[in-house]
There are 2 protein chains.
Amino acid sequence: MAGESDRTEKMTVALRKAGIRVTRQRVALLSVLADANDHPDAVELHDRAKQVEPTVSLATVYRTLSVLEGEGVVQRHAFEGGGARFETTHEDHHDHILDIDTGAVIEFQSDKIEQLQDEIARELGYEVVHHRLELYCRKKH
Amino acid sequence: MAGESDRTEKMTVALRKAGIRVTRQRVALLSVLADANDHPDAVELHDRAKQVEPTVSLATVYRTLSVLEGEGVVQRHAFEGGGARFETTHEDHHDHILDIDTGAVIEFQSDKIEQLQDEIARELGYEVVHHRLELYCRKKH
DNA sequence: TTATTTGCAAAACCTTTGCCCGCGA
DNA sequence: TCGCGGGCAAAGGTTTTGCAAATAA
């Protein structure tokens, strides 16, 4: 289908923008990342990428994720328990709600909280460079 | 000095309350934890505890920290980079500012932010069980 | 006494790295 | 061509665990 070559082209552009070579392995990783909306970890990304390009190794997944993180293309999260989980960077900043029971991740955004954070830091003579806000929640019955 | 036996007694009480045996190793760990105000990691706690009681092993430090965490006596934090860091649970809940340059940890508390968090979760049908808020900051020049 | 707790060493994780070959530009 | 990027396997750092000896109650 046409969608696939569009996708590949997009990935190619993203990689060139990052100033790194366009390899089959990187295109595969980027495409599964683009599809994912569940904040997968490196091993999960590796499994999914292998379906697209069987030659991808876990080492390459980690190496590529690090590069892309440096370029601001992906974001790394260290939620409670287990290893790092990743998502492609999207336009708007957001924080996360984690469903304790199901492991689901929900994104949310609050300007008010961001403002309060800046205020608090400013009062202590600091400037917020980045932050982490995670709400570990349970569904209300 | 009198202070020391007071301290030991306090540790003893804390351990009995947790329903676990009062061992030299655990008393040593709890005493260095009580003294610490810098959120040390397990290896650092081990080093400090060894000064009090040379027979403490790192395995025991980890085992005891897990038990005490379960009992709500200590709290475990997973700040960016490196391993878990610990502090004794104190009365009032608080979040952390981390100085990116020095590694210093500053505690702060904001009822307003907590309220907003609850509101956001409620709107999505969730209930906040616990949360993590970390501000990675730089001193303003 | 006896059930818990310990130290030690090994294992278990997750992530990074060295090396040499292969592929992208 | 030529140098970046690849797989593989080994190493790294942190945390957990199996086991027999030690110890608190």
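By convention in this document, chain letters (A, B, ...) are assigned in the order of the sequence lines, proteins followed by strands, and residues within each chain are numbered from 1.
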- Item | side chain to side chain contact (heavy atoms under 4.5 Å, CB included) partners of His94(A), counting only residues at least two apart |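 With neighbours one apart ignored, the set is Glu87(A), His90(A), His96(A), Glu107(A).
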
- Task: Using a cut-off of strictly less than 4.0 Å between a heavy atom of the residue and any atom of DNA chain C, enumerate the qualifying residues of residues 67-80 of chain B by number.
- Result: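 None, since no heavy atom is under 4.0 Å.
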
When you compare the side chain of [Y] with that of [X], does any pair of heavy atoms fall below 4.5 Å?
{"X": "Lys50(A)", "Y": "Asp47(A)", "value": "yes"}
{"X": "Phe86(A)", "Y": "Leu45(A)", "value": "yes"}
{"X": "Leu135(B)", "Y": "Phe108(B)", "value": "yes"}

- Task: For salt bridge (charged side-chain N to carboxylate O under 4.0 Å, His left out), just list the numbers for Asp38(A) and Arg48(A), CA-CA rounded to whole Å, side-chain angles, deciding distance to a tenth of an Å, and then say yes or no.
- Result: CA-CA 13 Å; Asp38(A) 55 349; Arg48(A) 295 184 195 176; 2.6 Å; yes

- Task: Please list, chain by chain and in numerical order, all residues satisfying ring-ring contact (aromatic ring centres under 6.0 Å, His included) with His141(B), sequence neighbours excluded.
- Result: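 Scan of His141(B) (ring-ring contact (aromatic ring centres under 6.0 Å, His included), adjacent residues dropped) gives none.
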
- Message: With rounding to the nearest 0.5 angstrom, report the CZ to NE2 distance, Arg85(B) to His77(B).
- Response: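 Spacing of CZ (Arg85(B)) from NE2 (His77(B)) equals 9.5 Å.
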
- Item | Spacing of CZ belonging to Arg122(A) relative to CD belonging to Gln117(A), to within rounding of 0.5 Å |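 Spacing of CZ (Arg122(A)) from CD (Gln117(A)) equals 12.5 Å.
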
- Message: I need a per-nucleotide contact map over nucleotides 20-25 of chain D, read 5' to 3'. Cutoff is protein heavy atoms under 4.0 Å; write B for the base, S for backbone only, - otherwise.
- Response: ---SBS

- Query: Do any side-chain nitrogens or oxygens of Arg26(B) fall under 4.0 Å of OP1 or OP2 in dT6(C)?
  - Reply: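 For Arg26(B), the contact criterion (side-chain N or O under 4.0 Å from OP1 or OP2 of dT6(C)) is met.
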
- According to a strict under-4.0 Å criterion, is Tyr62(B) in side-chain N/O contact with OP1 or OP2 of dT16(D)?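 Negative; the distance criterion is not met.
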
- Leu58(B) has an atom CG; how far is it from atom P of dT14(D), in whole Å? 10 Å

- Task: Check DNA chain D against residues 42-53 of chain A and give the residues with a non-hydrogen atom under 4.0 Å, in numerical order.
- Result: none

- Look at the rings of His39(A) and Phe79(A) and say which category their plane angle falls in: under 30° parallel, 30 to 60° tilted, over 60° perpendicular.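 Tilted: the ring planes of His39(A) and Phe79(A) meet at 30° to 60°.
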
Hey, what are the protein-to-nucleotides 8-12 of chain D N/O distances that come in under 3.5 Å?
none

- If you measure only the distance, is there a donor-acceptor pair under 3.5 Å linking the side chains of His93(A) and His130(A)? no

Salt bridge or not for [X] and [Y], using N-O below 4.0 Å?
{"X": "Asp118(A)", "Y": "Lys112(A)", "answer": "no"}
{"X": "Lys139(A)", "Y": "Asp99(A)", "answer": "no"}
{"X": "Lys140(A)", "Y": "Glu127(B)", "answer": "no"}

